[in-house]
Amino acid sequence: MDVLIVGASAAGLSTAEALRRLGHDGRLTLLDAEPHLPYDRPPLSKQVLAGAWEPERARLRGQAQLDALEAEFVRGERAVSLDVAGRAVTTASGRVLRADAVVLATGLTPCRLPGQGGLAGVHVLRGLDHALTLRAHLTAGTRLVVVGEGVLGGEIAATARGLGLEVTLAGLGPAVLGDQLGPFVSGLLTRTHAGRGVRLRLGVAVEGLEGEGGRVTGVRLATGETLPADVVVVAVGSRPATGWLDGSGLALGDGVECDSRCRAAEGVYAVGDVASFHHEELGRRLRLENRTNATEQAQTVAANVLGADRPYTPIPYFWTDQYDVKIQAHGLPSPAAEVTVTEGDPEQHRFAALYREGGQVTAVLGWNMPKQARLLRQQVLVQPLTTA
Ligand SMILES: Cc1cc2nc3c(=O)[nH]c(=O)nc-3n(C[C@H](O)[C@H](O)[C@H](O)COP(=O)(O)OP(=O)(O)OC[C@H]3O[C@@H](n4cnc5c(N)ncnc54)[C@H](O)[C@@H]3O)c2cc1C
């Protein structure tokens, strides 16, 4: 059997490794639009952006480990279409790659603001080249505006403050990570940013960018205020990289729609950030944008490609590092949940908390308390909420 994996990053590479581990000895091809050897993305907004790590340190595997896979890596070639019935992928250069099974692992594309493309000094952060370009512009004293109060916006603001920039964080939500972690934890995180000297303009829409001579000079808010900026990072979310699959006949909603086996069609699977799968225990569709999911889902996808019939039913997990705060969340925290601190003390910047909805523990969160959060994870139920 020949397997073709489109996207050779965290999820695609883990799928290839799992296939070999499970005994797949047929042809294995990994296609990626990136020219670089596979690298990890979490350090891009942290150690790489801070300049603490050389880019090579973010590599997912060394050359020897990649060689041991006995796979063909096709790098720097973009997939432009998929023939589902024939399991054939055409690349931008016109090359056609055929296989018995195709795994889609193309991740996300960052969203941009209208007019962003025409202005110098405006950045997004998804890939290594983005991180290195942005890094070159982050010098002490520079005025940086980060648009987007989500996890990426928070991390970039924290890293930039560490480098001595003047940082303003602007976003529609009332608090950093408020959409994901709810008022209690996001309130603490927002106060942490303020305490570190980040100017906050939250709960207000960004109307547009202002520029002069082709270079950004500011970010205009719906209130009429303009935030002066030498550099702007737009971190307003990402969408699944499925544009190349338009017309393939696959169901593309919020990502590549799969069944509980991560199968999008006969012989076609999706894995990682791009995959919207049916979580059997939750009874609904889920798409996870986190690093742990990329590796975990790959194990299930590889097994199913090789003939297993395994549902994917993870307890989601993500972490974020901002300043000296490490937040880890197991389960599905929601702003609607009731949050109870069970260990430690938020005032001391170390605590673990349970998220409850309808009397059910839906998530556990650790704030500089990784071990306690891991232990409490056993209480998390990922299943439909019971109505009390
Ligand atoms: C800056 C940053 C920081 C992060 N920090 C954290 C964190 O702290 N904690 C956490 O849990 N998660 C974090 N994440 C999320 C985590 O990195 C992702 O969940 C993970 O990378 C998903 O892996 P993936 O392989 O599904 O997608 P990706 O890593 O996005 O890989 C997709 C690959 O597909 C390729 N591709 C796309 N389209 C095509 C095409 N048409 N043809 C060929 N190739 C294509 C791309 O070049 C890319 O290499 C972070 C992400 C970013 C960007």
Side-chain angles (χ1 to χ4, degrees), residues 4-16 29-50 58 60 73-82 89-93 95 97 102-110 123-132 134-135 146 148 150-156 158-159 177 180 233 235 237-246 248 255-256 262 269-277 287-298 301 314 316-322 325-330:
L4 168 63
I5 301 174
V6 188
S9 184
L13 186 60
S14 298
T15 306
T29 308
L30 290 105
L31 168 70
D32 202 296
E34 285 255 9
H36 303 291
L37 289 173
Y39 60 84
D40 214 7
R41 284 171 213 272
L44 300 184
S45 50
K46 308 173 186 78
Q47 298 88 343
V48 172
L49 195 61
L60 280 167
F73 282 87
V74 181
R75 257 188 276 281
E77 281 237 43
R78 184 168 290 282
V80 292
S81 69
L82 168 69
V89 168
T90 303
T91 72
S93 70
R95 187 164 168 191
L97 301 166
V102 178
V103 179
L104 310 173
T106 48
L108 304 178
T109 309
H123 301 257
V124 292
L125 176 50
R126 179 75 196 168
L128 180 59
D129 292 337
H130 294 144
L132 296 179
L134 177 59
R135 170 77 187 96
V146 180
V151 60
L152 190 57
E155 290 189 354
I156 294 167
T159 301
L177 267 165
Q180 264 178 281
V233 183
S238 302
R239 49 190 157 62
T242 55
W244 69 282
L245 295 167
D246 286 346
S248 65
V256 178
C262 310
Y269 297 78
V271 64
D273 284 9
V274 80
S276 164
F277 64 99
R287 190 175 62 74
L288 298 170
E289 295 182 6
N290 65 59
R291 180 62 184 84
T292 304
N293 176 65
T295 307
E296 285 183 350
Q297 193 171 19
V301 167
Y317 166 76
F318 89 94
W319 81 92
T320 177
D321 299 327
Q322 304 186 22
V325 177
K326 182 178 267 305
I327 295 176
Q328 293 162 304
H330 302 266

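We count ligands from 1, going down the list as the structure has it; atoms in each ligand are counted the same way.
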Q) Gln322 and Val151: which non-hydrogen atoms are nearest, and at how many Å? A) NE2-O, 3.8 Å

Q. Passes side-chain contact (heavy atoms from CB on, under 4.5 Å), Leu128 versus Leu44? Steps please.
A. CA-CA 7 Å; Leu128 180 59; Leu44 300 184; 3.9 Å; yes

Q. Which atoms from ligand 1 have a heavy atom of Lys46 less than 4.0 Å away?
A. 5 (N), 6 (C), 7 (C), 8 (O)

Q | Proximal atoms of ligand 1 relative to Asn290 (non-hydrogen, under 4.0 Å) | A | 11 (O), 12 (N), 19 (O)

Q. For ligand 1, is any non-hydrogen atom under 4.0 Å from Leu152's backbone (N, CA, C, O), its side chain (CB onward), both, or neither?
A. side chain

Q: Name the option, out of Pro42, Gly243, Ala8, Ala294, that contains the heavy atom nearest to atom 6 (C) of ligand 1.
A: Pro42

Q. So, does Ser276 use its side chain to make a donor-acceptor pair with the main chain of Arg287 at under 3.5 Å?
A. no

**Q.** Check: Lys46 and Glu155 side chains under 4.5 Å, non-hydrogen atoms
**A.** yes

Q) Can you list the atoms of ligand 1 that are under 4.0 Å from a heavy atom of Glu289? A) 19 (O)

Q) Is any NZ, NE, NH1 or NH2 atom of the basic residue among Arg75 and Asp32 found under 4.0 Å from an Asp or Glu carboxylate oxygen of the other? A) no

Q. How would you list, by chain and number, every residue that makes a ring-ring contact (aromatic ring centres under 6.0 Å, His included) with Tyr317, sequence neighbours excluded?
A. His330

Q: Using a 4.0 Å heavy-atom threshold (strictly under), name the region of Glu77 that reaches ligand 1: side chain, backbone, both or neither.
A: backbone

Q) Which atom pair, heavy atoms only, marks the closest approach of Gly127 to Tyr39? A) CA-OH, 3.3 Å

**Q.** Top protein contact for atom 44 (N) of ligand 1, by heavy-atom distance
**A.** Ala33 N, 3.1 Å

**Q.** Residue and atom name of the nearest protein heavy atom (relative to atom 39 (C) of ligand 1), distance in Å to one decimal
**A.** Thr106 CG2, 3.5 Å

Q: For Trp244, counting its heavy atoms only, list the atoms of ligand 1 lying under 4.0 Å from any of them.
A: 41 (N)

**Q.** Short N-O contact, Arg126 and Asp273, less than 4.0 angstrom
**A.** yes

Q. Between the side chain of Gln297 and the main-chain N/O of Val271, is any donor-acceptor distance below 3.5 Å?
A. no

Q. Any idea which protein heavy atom is nearest atom 10 (C) of ligand 1, and the distance to it?
A. Arg291 N, 3.6 Å

**Q.** Enumerated ligand 1 atoms positioned under 4.0 Å from heavy atoms of Gly272
**A.** 26 (O)

(Q) Could you tell me, atom by atom, which parts of ligand 1 come under 4.0 Å of a heavy atom of Arg126? (A) 27 (O), 28 (P), 30 (O), 53 (C)

Q) To which protein heavy atom is atom 48 (C) of ligand 1 closest, and what is the distance rounded to 0.1 Å? A) Arg41 NH2, 3.3 Å

Q) In Å and rounded to the nearest 0.5 Å, what is the CG to CZ distance from Leu108 to Arg239? A) 10.0 Å

(Q) With a 3.5 Å distance limit and no angle check, can you tell me whether Ser248 reaches the backbone of Leu82 through a side-chain donor-acceptor pair? (A) no

Q) Hey, is Trp319 touching ligand 1 through its side chain, its backbone, both or neither, going by heavy atoms under 4.0 Å? A) both

Q: Could you find the nearest protein heavy atom to atom 46 (C) of ligand 1 and give me its residue, atom name and distance?
A: Asp32 OD1, 3.5 Å

**Q.** Heavy atom of the protein closest to atom 18 (C) of ligand 1 (residue, atom name, distance)
**A.** Asp273 OD2, 3.4 Å

Q. Which atoms of ligand 1 sit under 4.0 Å from any heavy atom of Glu155?
A. 8 (O)

Q. Please state which protein non-hydrogen atom is closest to atom 42 (N) of ligand 1 and give its distance, to 0.1 Å?
A. Ala79 N, 2.8 Å

Q.
Give me the atom names and distance for the closest heavy-atom approach of Leu177 to Gly150.
A. CG-C, 4.2 Å

Q) atom 32 (C) of ligand 1: which of Ala11, Ala105, Gly7 has the nearest heavy atom? A) Ala105

Q: Write out the residue and atom name of the closest protein heavy atom to atom 27 (O) of ligand 1, then the distance separating them to 0.1 Å.
A: Gly107 CA, 3.4 Å

